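Written below as structure tokens is the structure these notes are about.
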Amino acid sequence: MSADTNTPSTPKNSGQPGRRFRIEGQTILLLTVLIVLVIFFGSLQNKFLTSRSITSMGFQLPEIGLLTLAMMITILTGGINLSVNATSNLAAVVAGLFLVKVMPPDLAPGAVNLYLVAALAIALIVGIVNGIINGFMIGYIGVPPILATLATMTFFTGISTGLTGGATVTGFPEGLSIVGGKDLFKIPIPFIIFVALTAATYLLLNHTTFGFKTRMLGSNPIASNFSGINNKSITMKVYMFSGLLSSVTGILIMSRTMSAAYEYGTTTYVLLTILIAVLAGVIPGFGSVIDIFFAVLILQVLSTGSTMLLAGIRGSSFFKDFAWGVLLIIIFIINYFIRIRKQQE
Amino acid sequence: MTDILPGTDPVSQAALKDEILRAEHISKRFGGVVALNDVSLSIYKGEICCLVGENGSGKSTMIKIISGVYTPDEGDITVNGRQYKKLTPITSIHEGIQVIYQDFSLFPNLTVAENIAINQQLASGKQLVNWKQVEQIAREGLAKINVSLPLDAEVSTLSTADRQLIAIIKALLANARIIIMDEPTTALTQKEVAALFKVINGLKSQGMSILFVSHKLNEVIEIADRTVIFRNGKKTMDQDAKGLDAKKMEFYMTGREIDGQAITFGEVNQADAPLLKVEQLNLARGFFDVSFELKPKEVLGITGLLGSGRTELALALFGELPANSGKIYLQGKEVQIKTIQDATAHGIAYVPDDRIRQGLFLEHSIENNIVVSIIGRLVNRLGLVNSKRKASEAQRWVRQLELKTPSPELPVKSLSGGNQQRVVLAKWLASNPKILILNGPTVGVDVGSKAEIHELIRSLAQQGLGILLISDDIPELFQTCHRILLMRAGRIVEEYKRQDITEQALNAELVAAAPVRADASASTHVSAQP
Amino acid sequence: MLKKIIRSNEFVIFLILVFLSLAIGLVNPAFFSISTLFDTLRASIVFLIMAYGLLPIIIAGGIDISFVAIAAVTSYATHMFLIGRGYQGSILLYYTIACVLGVLMGLLNGVLVTRFKLQVFDVSLAAFTMWYGFNLFFVGATANYEIPQSAVGYYNQFIIRTRDPFVGETGLHVSILYVIVIGLVIAWLLKYTTIGRGVFAIGGNREVALRSGFNITRITLITFAVMGLLSAVAGVTQAFLSRNFNPVIFITQPLDVLAAIILGGAAITGGSGSILGTTLGVLVIQLINRALILTGIPVEWQRFVVGLILILFTSIPALRAMRARRVGHTTELVEGE
């Protein structure tokens, strides 16, 4: 006992409110990797650091970034949300069908815009409803998150498949493309949305009582219950927020591709979001939105960079998947040695 | 320097009895901290030696040195006549030293038989499992201490006491000559403790040596042949247990006298309206027809064996297991308590018995742990958490409860048991409750901290709180409570004023056999004694 | 003994299986035919093999999703290598090369987990991405339909043949024998070897397993080698049954296999699980897929129904557990019972 009580321990949980802007080990590591990658690709490929390539990254990264945030907040509570992508697709499909089937043809431009806003609202509502279903199963019935969201993943995809009959929904009014395809002061609108929602999530998780309770719940749900935290309601809100972020992703995809399909992204997209969250070092109770942001950037830079570098080679776009896996393993190993060194100190 | 007391002479004892183990002049440092300072300890054949000391006194370090987990910086160990500079875990086991840790080292998902036989299986080096042989080994093991357990039951379905028996059998089957038991009674009911002591005494008569590590002094008095006390890494006592009383032991453990007589209890004004009144409360398979009152400034003890319904009652009042029927009045008004949020809204706070699992967020900072129940009050006008107020609130409680820590930003797991309990208390005191329910508030807390926590409970009551204290630690009840309710088989069977009963009498009532009811739910009409 | 069987997880899933069969049979009597049985079994073969490979890892407390990637890379890379050299020989060489690769890839996961103290799931996530990327970039990105001369007839090598009025001649494929042999071997390893008991011990309490003297590193490596081996067998079998080699085969299915194992009574937190339960879990899912075709539910709504059934399957046990939590545990009441 004497050894236990006297061992000096260092706080590993520094990214909390009260310690604003204190930079953690994981953040430094991710930032270093990012800088190394940018320098590497920038020096090998002079096309890499052009405004055109940066803009194209700005269009691509928000989709997976938002989906990762949707995944991350559920991991923070000790859960997981395998239905993020199914929710994103369902939101797009329902909104898309609304525009194609419900909106009368030959409307005045003003009326079309009204319908567009309604479609976006419908997509967001679908996301929240999906979140309520997940939150109810996990928080109120007590189904293990991985099983509950595995079931709802199939269920939501099933609704999309049924509604579309397996076909891709197209034929949307031109105005829809503003959200996912246009830019504002040369900054892609999707990127603006991503940054804004990342900031909002940061504020929510790090500076509100909801965020505080979410992290406490994640690190010990029994103790949080006995501390008067309403686990059920927090879980419900977390999955609702996760559903909401997923549906925004659905809107971005729908607007960029001007189509909606039940099968966009599939399971690999879900696994990719978990991969980014793991890369950012998110575990139940602890994890930082800023690290998620950097991790998404790393993946995007690696993807764009390697595709450019290997342009012309058969299957060049697949090299990134290989590189992501290798990078993740390297970061695991670096983290292992950092941990060992900390313990020795 | 070992300050062995006059009247004890280990050398002459060694001449009388077979000395199996002798650890001499052992010192061990961790970084700058001295865990053991020139301590010697002997264990003789067929004796029960009790090792007593507060948390941090060096008991655990000594166990780990004897079992080969730690290497001592100085000193050497002689086992069965062979001298070692250091033991490894394997040589220690070979020499017949077996440690039963508090978690019993069992596999919850495997059967009783397999748990008993698994070490033999591994030791034999065989790659295949002979299930007939596994069963046979298990039967032989059970016969050794003369108990019967269902061989094919999963260990996760067994009680703590039964698991302990399996751990003892495992040690015996490993040809143990010395069994070291680390705080073996922590999670046992009094009845189970009695059964365990029977087993231990049986082992002793077979020539086994037991090193019984504990800080429950009444148990030590009951079981010890010889008592050794450590304080701050030094041995302060090593003598025959005869004629040793708790007060004397406490003196050697803490270096100061804890005087049970000097306690001043606050006055409860009998004219005051009750803070809490419970009428005919029922919970399926929990408790029946429970009625009582709690006045302001009163500490009301609720005692009973594990499984008597005492914890269920607490959980019902806290909204975790809402009662099925009955009425709860707070300050004269009837209230519904269906959730924990209902309870906290009414100013009811609960300090759970399982501190680690139910009370604390070990990885999180002390600060976060303290403010978790009041975080909603620490927001600014925008609804954002005010980190300055959060920090100062935590700091205030660290000071008020004299929490020993360099910084409230350290994780709670860096604290000792007593300080961890203070964090749980601070969490609820911060919420400014009217009623505080304490379930086993000093389980796993060392004697010094224990007295301080008792003092804190008394002073909280004096400030106007109503306190329900659930405990089967009889001295604790007498140190804190004005009245004591006794629960048995889900009912309140008796009420005592502290002045009207002695510790011995209450203890006898507590362990008296519980009435066995064939159908408890059918008998809910029978009213309990208030 | 009877009571124990009735209470077991396997029995519950068995009941579900029987109930589902009866219900579907009532809607469409054509369901009760030998060909339906053979079809369901044929569709289950590769999933059973993969699930058997994954089960020990789950029992030991890990969750792996990389097994599908290993199945894809081992089968596809072996094929592209052999076919590129004009190989026309026996299928046996396919299995041999793929199995060696599979074991090595499984061991890579194992080494990372044991040497660097990493989470099984995290490593498998990296391996999943890495190996599919490897397959697509370094080996090839399109499906290949060439089959070696001597293996052309393998896809309809039946051990029992039958004639069906609707589908014509069909039968029970010979690879069902591999499934039976593999299942029995894994079940035996888990129950009757020290290593197998070690797998349960690690899943039950890792710390105690270490203290008791189990060689955790060795046991972990073995479970990963077995996973790699069986993934390779599943990958090659799948390719020959469907007569095409696909670099992204199974990429969307790791969670489905995991779900079948959990449905079969294995705890997601480790420590429990059985070959029998896993078998029943896979069969239930395959049966639902088959059955929906026969019940007349439109094809595009079938996934919806599967999702609904999964929601019920996962919610019912949780609801039961929740109700059990709402009562006390006053043990003295039941004394003497």
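In what follows, chains carry the letters A, B, and so on, assigned in the order in which the sequence lines appear, proteins first and then strands, with residues in each chain numbered from 1. Keep in mind that this is a model prediction, so the values were computed, not measured.
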Side chain to side chain, F332(A) and V278(A), heavy atoms closer than 4.5 Å: yes
F137(C) and F319(A): CA distance, side-chain angles, deciding distance, ring-ring contact (aromatic ring centres under 6.0 Å, His included) verdict: CA-CA 6 Å; F137(C) 181 72; F319(A) 181 79; 5.1 Å; yes
Pairs of heavy atoms under 4.5 Å with chain A: top-ranked of Y132(C), F121(C), W131(C), F138(C): F138(C)
For chain C, the option from T157(A), I329(A), L271(A) that forms the most heavy-atom pairs under 4.5 Å: L271(A)
For chain A, the option from I65(C), L319(C), D122(C) that forms the most heavy-atom pairs under 4.5 Å: D122(C)
Contacting region of F156(A) [heavy-atom separation from chain C under 4.5 Å]: neither
L279(A), part contacting chain C, at a heavy-atom distance under 4.5 Å: neither
Chain C contact via L327(A) - side chain, backbone, both or neither, heavy atoms under 4.5 Å: neither
F47(C) and F250(C) aromatic ring geometry - parallel, tilted or perpendicular at 30°/60° bounds: perpendicular
Proximal component of L310(A), with respect to chain C [non-hydrogen, under 4.5 Å]: side chain
N335(A) and Q26(A) side chains, donor-acceptor separation under 3.5 Å: yes
Max heavy-atom pair count under 4.5 Å with chain C, selected residue of V326(A), V270(A), I133(A): V326(A)
